[in-house]
S.K.: 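Next up is a structure, given as structure tokens.
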Amino acid sequence: DPVAPEPPAYPEHGDPAFRAVYVPPATWRASAARATENSVDAAHFPWLHENILGTRDHPEVPEFPIEQVGDELRYAWDDLPNPMHPVAHRRVYRLHRPFSIHQRKERADGEVEAVLITACPRAAEETTVYLVICRNFHLDEAELEERMATDVLILEQDRPIVESQRPAQLPLDLAAELHVRGPDAVAVAYRRF
């Protein structure tokens with residue numbers, strides 16, 4: 001039976017101003033909650049995805065408020081340019097209970113990349129991660145292929161880390177794992193949520 005009243009909104013999908021691309025699904029030996037938490041953990045970007053989503057020169061995660069609105073956690077921050085997103089942008093997240101994330105990268109020039117990440121549990125410790133990306137700006141075919149390869153690489157970089165986490169199920173008891181104030185704010189909010 002559905003946990004949430006309806007599927008998460010993804011208004012960019014189907015909007016004629018946006019072009020959708022579908023990253024091939026990835027199946028991990030991990031719980032859906034672990035996969036979801038990984039996708040909202042910005043602290044690992046400069047380390048695991050160095051020179052893609054961040055650099056070790058600027059590893060800090062800014063502090064930002066997290067708001068619960070119904071079955072969503074909402075938060076946002078202004079992100080520095082990075083190799084994948086070479087201009088300053090605002091990251092806007094809506095984490096839908098239980099395992100979906102709607103993330104927008106908004107640029108001052110009006111360009112938007114909107115991503116829907118959904119972790120679909122197959123078993124207690126098997127999850128398929130789905131990634132749909134909609135952009136309202138043009139990328140030529142070579143750029144699209146390069147971005148697709150990079151998105152697949154990011155998932156493959158994440159997979160062994162998420163699969164090796166123990167316990168395999170995400171502990172909801174905050175005392176079960178060490179959390180660092182600031183970088184782990186979303187993880188703590190998600191577990192409480």
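One-based numbering along the sequence shown. Just so you know, these numbers use all the heavy atoms, side chains as well, and skip hydrogens, waters and symmetry mates.
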S.K.: So which heavy atom on P24 is nearest to which on L155, and how close?
M.R.: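 Heavy atoms of P24 and L155 come nearest at O-CD1, 4.5 Å.
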S.K.: Write down the atom of A35, the atom of V162, and the distance for their closest heavy-atom approach.
M.R.: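 Heavy atoms of A35 and V162 come nearest at N-CG1, 4.0 Å.
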S.K.: Are side-chain heavy atoms of N82 and F45 found at a separation under 4.5 Å?
M.R.: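 No; the side chains remain at least 4.5 Å from each other.
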S.K.: Which value, rounded to the nearest 0.5 Å, describes the distance between D79 atom CG and H58 atom NE2?
M.R.: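 Going from CG on D79 over to NE2 on H58, the span is 11.0 Å.
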S.K.: Is the closest side-chain heavy-atom distance between P62 and D78 below 4.5 Å?
M.R.: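 No, every pair of side-chain atoms sits at 4.5 Å or beyond.
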S.K.: What's the separation between atom CG in D140 and atom CD in E143, rounded to the nearest 0.5 Å?
M.R.: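 Between D140 CG and E143 CD, I get 4.0 Å after rounding to 0.5 Å.
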S.K.: Which of these passes side chain to side chain contact (heavy atoms under 4.5 Å, CB included) with L131: L116, V115, I101, V21?
M.R.: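 It is V115; the other options fail the test.
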S.K.: Taking the side chain as every heavy atom from C-beta outward, state whether D71 and H96 have any pair of such atoms under 4.5 Å apart.
M.R.: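 They are not in side-chain contact.
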S.K.: Under a 3.5 Å distance rule, please check whether E145 uses its side chain to pair with a backbone N or O of A142 as donor and acceptor.
M.R.: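 No; zero donor-acceptor contacts below 3.5 Å.
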S.K.: Under 4.0 Å between a Lys/Arg side-chain N and an Asp/Glu carboxylate O for E125 and R166?
M.R.: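 R166 and E125: not salt-bridged.
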S.K.: Drop me the distance from L80's CG to H85's NE2, to the nearest 0.5 angstrom.
M.R.: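 One finds 13.0 Å between CG of L80 and NE2 of H85.
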S.K.: Are V129 and V132 linked, directly or through intermediate hydrophobic residues, by side-chain heavy-atom contacts shorter than 4.5 Å (ILVMFWY only)?
M.R.: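 Looking at the clustering, V129 is in a separate group from V132.
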S.K.: By the definition side-chain hydrogen bond (donor to acceptor under 3.5 Å, both in side chains), identify the one residue from H13, E12, R94 that meets it with H102.
M.R.: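 Answer to the side-chain hydrogen bond (donor to acceptor under 3.5 Å, both in side chains) test with H102 among H13, E12, R94: E12.
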S.K.: Treating R34 as the side-chain partner and P167 as the backbone partner, does any N or O pair qualify as donor plus acceptor under 3.5 Å?
M.R.: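 Between the backbone of P167 and the side chain of R34 there is a qualifying donor-acceptor contact (under 3.5 Å).
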S.K.: Would you mind reporting whether Q165 and N38 have side-chain heavy atoms less than 4.5 Å apart?
M.R.: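 N38 does not reach Q165 side chain to side chain.
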S.K.: Go through the steps for H89 and E111 under the test side-chain hydrogen bond (donor to acceptor under 3.5 Å, both in side chains), then give the verdict.
M.R.: CA-CA 9 Å; H89 54 280; E111 291 186 347; over 6 Å; no
S.K.: Report whether I117 and M84 are members of the same hydrophobic cluster (ILVMFWY, side-chain heavy atoms less than 4.5 Å apart, transitive linking).
M.R.: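 In one cluster with I117: M84, yes.
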S.K.: Could you tell me if the side chain of E113 sits less than 4.5 Å from the side chain of R147, heavy atoms only?
M.R.: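 Yes - at least one pair of side-chain heavy atoms lies under 4.5 Å apart.
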S.K.: Would you confirm whether Y10, through its side chain, and A114, through its main-chain N or O, come within 3.5 Å as a donor-acceptor pair?
M.R.: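 Pair found, side chain donor or acceptor close to backbone of A114.
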S.K.: Does Q169 CD have over 12 foreign heavy atoms under 6.0 Å away?
M.R.: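 For Q169, atom CD is crowded (more than 12 foreign heavy atoms under 6.0 Å).
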S.K.: Applying a strict under-4.5 Å side-chain criterion to I, L, V, M, F, W and Y, I'd like to know whether V92 and L53 cluster together.
M.R.: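 No, V92 does not connect to L53 through the hydrophobic network.
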S.K.: List the steps, then state whether side-chain hydrogen bond (donor to acceptor under 3.5 Å, both in side chains) holds for D158 with H44.
M.R.: CA-CA 9 Å; D158 284 331; H44 82 279; 3.1 Å; yes
S.K.: Crowded around R91 CZ? As in, over 12 foreign heavy atoms under 6.0 Å?
M.R.: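 Atom CZ in R91 is packed in, count exceeds 12.
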S.K.: As a quick check of understanding, evaluate side chain to side chain contact (heavy atoms under 4.5 Å, CB included) for L144 and R135, giving each step before the final call.
M.R.: CA-CA 11 Å; L144 281 170; R135 298 179 185 96; 3.8 Å; yes
S.K.: Work out which heavy atom in W47 is nearest to a heavy atom in P59; give both atom names and the distance.
M.R.: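 Result for this residue pair: CZ2-CB, 3.5 Å.
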S.K.: Do I66 and F99 share a hydrophobic cluster, counting only Ile, Leu, Val, Met, Phe, Trp and Tyr and linking them when any side-chain heavy atoms are less than 4.5 Å apart?
M.R.: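 Yes, same cluster.
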S.K.: Please report the shortest heavy-atom distance between A119 and T36, naming the atom on each side.
M.R.: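 So the two residues come closest at CB-OG1, 3.6 Å.
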S.K.: Treating N136 as the side-chain partner and G110 as the backbone partner, does any N or O pair qualify as donor plus acceptor under 3.5 Å?
M.R.: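 Side chain of N136 to backbone of G110, a donor-acceptor pair under 3.5 Å: yes, one is there.
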S.K.: Which pair of heavy atoms, one from T55 and one from P83, lies closest together, and at what distance?
M.R.: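 So the minimum-distance heavy-atom pair works out to CG2-CD, 4.3 Å.
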S.K.: What distance separates S100 OG from Y130 OH, expressed to the nearest 0.5 Å?
M.R.: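 Separation between the atoms: 11.5 Å.
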S.K.: Going from OH on Y93 to CH2 on W77, what distance comes out if it is rounded to the nearest 0.5 angstrom?
M.R.: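 If we round to the nearest 0.5 Å, Y93:OH and W77:CH2 are 4.0 Å apart.
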S.K.: Kindly say whether R29 contributes a backbone atom to a donor-acceptor pair with the side chain of E163 at under 3.5 angstrom?
M.R.: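 A pair under 3.5 Å: yes.
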S.K.: Hey, which of I161, D41, I154 is the one that makes side chain to side chain contact (heavy atoms under 4.5 Å, CB included) with L48?
M.R.: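 Looking at I161, D41, I154, the match for L48 under the side chain to side chain contact (heavy atoms under 4.5 Å, CB included) is I161.
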S.K.: Contact between F193 and V186 at the side-chain level, heavy atoms closer than 4.5 Å - yes or no?
M.R.: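 Side chain of F193 against side chain of V186, heavy atoms only: no contact under 4.5 Å found.
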S.K.: Any link between V23 and V40 through a network of hydrophobic side chains (Ile, Leu, Val, Met, Phe, Trp, Tyr) touching at under 4.5 Å?
M.R.: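 Linked, V23 and V40 end up in one cluster.
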S.K.: Say whether, by atom type as modelled, one donor and one acceptor occur between the side chain of T128 and the main chain of C120 under 3.5 angstrom.
M.R.: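 Not at all, since once roles are kept as given, no pair shorter than 3.5 Å links the two residues.
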S.K.: Mind listing the closest non-hydrogen atom pair of Y190 and P98 along with its distance?
M.R.: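 That closest heavy-atom pairing would be OH-O, 2.8 Å.
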S.K.: Would you mind reporting whether R107 and F137 have side-chain heavy atoms less than 4.5 Å apart?
M.R.: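 Result yes, sub-4.5 Å side-chain heavy-atom pair found.
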S.K.: Say you draw a straight line from CD of Q157 to OG1 of T150; how long is it, rounded to the nearest 0.5 Å?
M.R.: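 Q157 atom CD to T150 atom OG1 measures 9.5 Å (nearest 0.5 Å).
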